[in-house]
Amino acid sequence: MTKEPTEQKEDFKPYVSPDARMPEVTVLSVVTGIVLLIVFGAANAYLGLKVGMTVSASIPAAVVSMAVLKGLFKRGTILENNIVQTITSTGEAAAAGVVFSLPALYMLGHSPSLKLISLVSLFGGIIGVVGMVIYRKYLIVEQHGVLPYPEGTACAEILIAGDKGGVSASTVFKGGIIGFLFRTVQSIFGLFPEAIETAIPGLPFGTIGMNVLPSLGGVGYLIGPRISSVMLGGGLLAWIVIIPLIGFFGGPLATAIFPSATPVGELGAWGVWTDYIQYIGAGALTVGGLVEFFKALPALRGAFKGAFASINSKRKNSDLQRTDKDMPFAYLIVIFIAVVVLMAILPYIPVGILGAALIAVFGFLFVAISSRIVGIVGSSANPVSGMTIATIFFSAILMKAVGKTGAEGMIASVIVGSVVTVAAAVAGDMSQDLKTGYIVGATPISQQITELLGVLIFAGMAGYVVQLLNNAYTIGSSALPAPATSVIATLVKGIFEGNLPWALLITGVGLGIIVELMGIPSLPFAIGLYLPVHLTVPIFLGGMVRGFMEKHKAADIESGTLYASGLVAGDALVGVIAAFLTTAGVAEALKFAEGWLGSAGSIVALILMVGIIYTLYSNSLKKGNAGK
């Protein structure tokens, strides 16, 4: 875990004076934020189910906001732009919380209703916002200069530079257009394939391949060379070591573990991945999640201490400067209690009194951990999956102990974990937003109210997005593997039915422990082990470009980050559109170009993907150095 800084900055002054009066929450800023929330929320829901990770929307939203408000409407203050990115990032965070947990119900044979998905998103989001407000003064104000909050600080710098006239949205728009056009020709019109692969001679079932998706290259650039390399390492271990070994030893291994299993010789590489690797990956993911959870525990002490000190303060909002005003504490308590009571009594969210109590305890606990930990390592490294696994593991055991067995107990356990996951994800994101606001001189209560609005808006669309993606691709399939939710479904089902393939799970646990002892972060390794290697190869390529540019004298990492974010948004947006077309039954009719290139399609796909990787490089160069 990253070591915390120890020096605190003194005499901090926000960019906008506390005495300043300028437009902040306006019709234009709210409407722009809602539109971007819908786009980035839907795109991140698709991306999270596809590769098990999402990307922060704050920076691209801030850039787009400046382009819209200043470029199109010839107006817009820095505080209005801050409100836009605040609302937008709420949708991205809530999407991450929902897709990392709730779709496990599909894998357990239960189709969640629109009301259930919406209520999980709404209640989890409210708990996240309420909890983060309680911790704000300690984490954001008193720990300024101690906790860096990397994304929040970077977003503030971009807003300030844009206010001074130094930032253009052209880079993020360029990435978005390229990603959108690439995926439209590929996915909707079917000109070239979305994945290419080849067998490795001499290795039984040995296979290597690549998903040809611009978003994956962009994701790799955003997460950097270290994490992308570890992910690829996990993927290569699965696909060129473990799968060939299972293919080689086939019969005896299958008979020992699964007496009634399909003969390995009939499975092929993908069959072995489904029947064996996913269980090994689930074991490794469990270790990775729990390791991150226990690493985060020390963060609680300071967060709780500071929060309660702030609560005991006698100062009223009316006595405070504009930049110090939060939602009143009494309101926060009433909202929190109301949410817990509603979860206990509403039939649409079947968790009962025990489930509601577990949500209250784990929600408040993990909101503190999430808000504190992202201040050190950033939102991208926020161990939400570990918090989810810990919550669901304990919830499932308690549910089973009090007599909730079978489908009832499994559904309740997943819902409890899902609400807590959304709360932790929203709180972590909100802490970055509030740090941005603190630096630029925003009004905290304005951000907090618009965060609640963002939660409400996304809750209204969450059910439709998740059901749309499931109907089009089937959550849990190779098209939408949902690695974060698959491990949850496996663990819950195993706890309640007692039929987990322990040999494979323990093997995964052993691998997770081994790589952690070697100093390798076990969570990204486990994600790579669980995912098809076809997904981790392009992520690795994007990460290598980032690593190369970090050492390049003419590098402009900020520009590359904006371009990569655009690639991700444009690609993922087409994924959502394609899902809608598939659900509407017109997708096949639009694939008029399918088969035009014949066997050359794979070569074309490879060349175009190389081109995408090159654009990550070229857009990471300072102006005047492109092509050198």
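In this text the structure is predicted, and so the values were computed from the model without any measurement. All values below were derived from every heavy atom in this structure, side-chain atoms included, with hydrogens, water molecules and symmetry-related copies excluded.
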Q: Between Tyr106 and His110 (judged by ring centroids, cut-off 6.0 Å), do the two rings come close enough to count as a pair?
A: no
Q: Are Phe189 and Thr184 close enough that some pair of their side-chain heavy atoms sits under 4.5 Å apart?
A: yes
Q: side-chain contact (heavy atoms from CB on, under 4.5 Å) between Tyr473 and Leu49: does it pass, once the steps are laid out?
A: CA-CA 10 Å; Tyr473 302 114; Leu49 290 170; over 6 Å; no
Q: Check the pair Thr207, Glu197 against side chain to side chain donor-acceptor pair (under 3.5 Å), reporting the backbone distance first and the verdict last.
A: CA-CA 7 Å; Thr207 305; Glu197 72 173 27; 5.3 Å; no
Q: Can you name the nearest heavy-atom pair linking Ile277 to Leu529, along with the distance?
A: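 In terms of heavy atoms, the two residues are closest at CG2-O, 3.5 Å.
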Q: Is there a side-chain contact between Pro532 and Trp270 (heavy atoms, below 4.5 Å)?
A: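 They are in contact (side-chain heavy atoms under 4.5 Å apart), so the answer is yes.
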Q: Side chain of Gln186, backbone of Leu181: donor and acceptor closer than 3.5 Å?
A: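 Judged by distance alone, no pair lies under 3.5 Å.
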Q: Heavy-atom distance under 4.5 Å between the side chains of Ile223 and Met231, does that happen here?
A: yes
Q: What are the two closest heavy atoms between Pro60 and Phe40, and how far apart are they?
A: CB-CZ, 4.0 Å
Q: Answer yes or no: is there a donor N or O on one side and an acceptor on the other, between the side chain of Ser228 and the main chain of Pro225, under 3.5 Å?
A: yes
Q: Would you name the heavy atoms of Gly512 and Ser522 that are closest together and state the gap between them?
A: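 Between these two residues, the closest heavy atoms are O-CB, 3.7 Å.
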Q: Would you say the side-chain atoms of Thr32 pair up with the backbone N or O of Ser29, donor to acceptor, closer than 3.5 Å?
A: no
Q: Is it the case that the side chain of Lys50 and the backbone of Ala45 share a donor-acceptor pair, with hydrogens and angles ignored and the cut-off at 3.5 Å?
A: no
Q: Under a 4.5 Å cut-off applied to non-hydrogen side-chain atoms, are Val422 and Val98 in contact?
A: yes
Q: Do Tyr221 and Ser620 have side-chain N/O donor and acceptor atoms under 3.5 Å apart?
A: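 Yes, Ser620 and Tyr221 have a side-chain donor paired with an acceptor closer than 3.5 Å.
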Q: Using every non-hydrogen atom in the two residues, find where Ala104 and Val414 come nearest and quote the distance to one decimal.
A: CB-CG1, 4.2 Å
Q: Would you compute the distance between atom CD1 of Ile613 and atom OG of Ser618 and round it to the nearest 0.5 angstrom?
A: 11.0 Å
Q: For Ser371 and Met430, run side-chain contact (heavy atoms from CB on, under 4.5 Å): C-alpha distance rounded to whole Å, both residues' side-chain angles, the deciding distance at 0.1 Å, then the answer.
A: CA-CA 8 Å; Ser371 302; Met430 185 179 176; over 6 Å; no
Q: Roughly how far apart are Ile612 CD1 and Phe182 CZ, rounded to 0.5 Å?
A: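 The distance works out to 5.5 Å.
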Q: State whether the side chain of Gln432 and the backbone N or O of Gly152 hold a donor-acceptor pair below 3.5 Å, judged by distance alone.
A: yes
Q: CG/Leu608 to CD1/Ile603 distance, rounded to the nearest 0.5 angstrom?
A: 12.0 Å
Q: Where does the angle between the aromatic ring planes of Trp273 and Tyr530 fall among parallel (under 30°), tilted (30 to 60°) and perpendicular (over 60°)?
A: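 If you compare the ring of Trp273 with that of Tyr530, the planes turn out perpendicular.
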Q: If you count the non-hydrogen atoms of other residues, nucleotides and ligands that lie under 6.0 Å from CZ in Phe592, is the total more than 12?
A: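 Count over threshold, so yes.
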Q: Mind checking the CG-CG spacing from Leu37 to Leu456? Nearest 0.5 Å is all I need.
A: 10.5 Å
Q: For the residue pair Phe548 and Tyr617, categorise the inter-ring angle as parallel (less than 30°), tilted (30 to 60°) or perpendicular (more than 60°).
A: tilted
Q: After noting the C-alpha distance and the side-chain angles of Glu451 and Asp429, does the key distance pass the side-chain contact (heavy atoms from CB on, under 4.5 Å) rule?
A: CA-CA 10 Å; Glu451 287 270 358; Asp429 169 81; 4.3 Å; yes
Q: Can you confirm whether Met549 sits close enough to Leu621 that some side-chain heavy atom of one is under 4.5 Å from a side-chain heavy atom of the other?
A: yes
Q: Nearest 0.5 Å, please: how far is OG in Ser121 from CZ in Phe458?
A: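 Phe458 CZ to Ser121 OG: 5.0 Å, rounded to 0.5 Å.
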Q: Go through Glu558 and Ile158 one step at a time and tell me if the side-chain contact (heavy atoms from CB on, under 4.5 Å) criterion holds.
A: CA-CA 9 Å; Glu558 180 181 302; Ile158 289 175; 4.1 Å; yes
Q: Under a 3.5 Å threshold, yes or no: a donor from one side chain and an acceptor from the other, between Ser89 and Asp433?
A: yes
Q: Would you call Thr561 and Arg546 a side-chain contact if the rule is heavy atoms closer than 4.5 Å?
A: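 Sidechains of Arg546 and Thr561: in contact.
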Q: Using the ring of each side chain (for Trp, its six-membered ring), is His534 parallel, tilted or perpendicular to Trp239, with breaks at 30° and 60°?
A: perpendicular
Q: Look at the side chain of Ser559 and the backbone N and O of Asp556, then say whether any donor-acceptor pair between them is shorter than 3.5 Å.
A: no
Q: Any side-chain heavy-atom pair from Ile475 and Met107 closer than 4.5 angstrom?
A: yes
Q: Mind listing the closest non-hydrogen atom pair of Gly33 and Thr88 along with its distance?
A: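 Nearest heavy atoms, Gly33 then Thr88: O-OG1, 3.5 Å.
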Q: Could I get the full list of side chain to side chain donor-acceptor pair (under 3.5 Å) partners for Thr421, not counting sequence neighbours?
A: Thr388
Q: Do the charged groups of Asp571 and Arg183 touch, with an N to O distance under 4.0 Å?
A: yes
Q: Does Asn619 use its side chain to pair, donor to acceptor, with the backbone of Thr615 at less than 3.5 Å?
A: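 Judged by distance alone, yes, a pair lies under 3.5 Å.
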Q: To the nearest 0.5 Å, what is the distance between CG (Leu567) and CG (Leu562)?
A: 11.5 Å
Q: Might you point out which heavy atoms bring Gly209 and Val537 nearest each other, and give the distance in Å?
A: O-CG2, 3.5 Å
Q: For residues Asn81 and Ser65, is any side-chain donor paired with an opposing acceptor at under 3.5 Å?
A: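 Per modelled atom types, Asn81 and Ser65 side chains form a pair under 3.5 Å.
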Q: Side chains of Leu105 and Leu116, heavy atoms from C-beta outward: is any pair under 4.5 Å?
A: yes
Q: Using a 3.5 Å distance criterion without hydrogens, assess whether the side chain of Ser118 forms a donor-acceptor pair with backbone atoms of Ala459.
A: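 Present.
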Q: Quick check against the 3.5 Å criterion: does Ser418 have a side-chain atom that pairs as donor or acceptor with the backbone of Leu102?
A: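 Pair found, side chain donor or acceptor close to backbone of Leu102.
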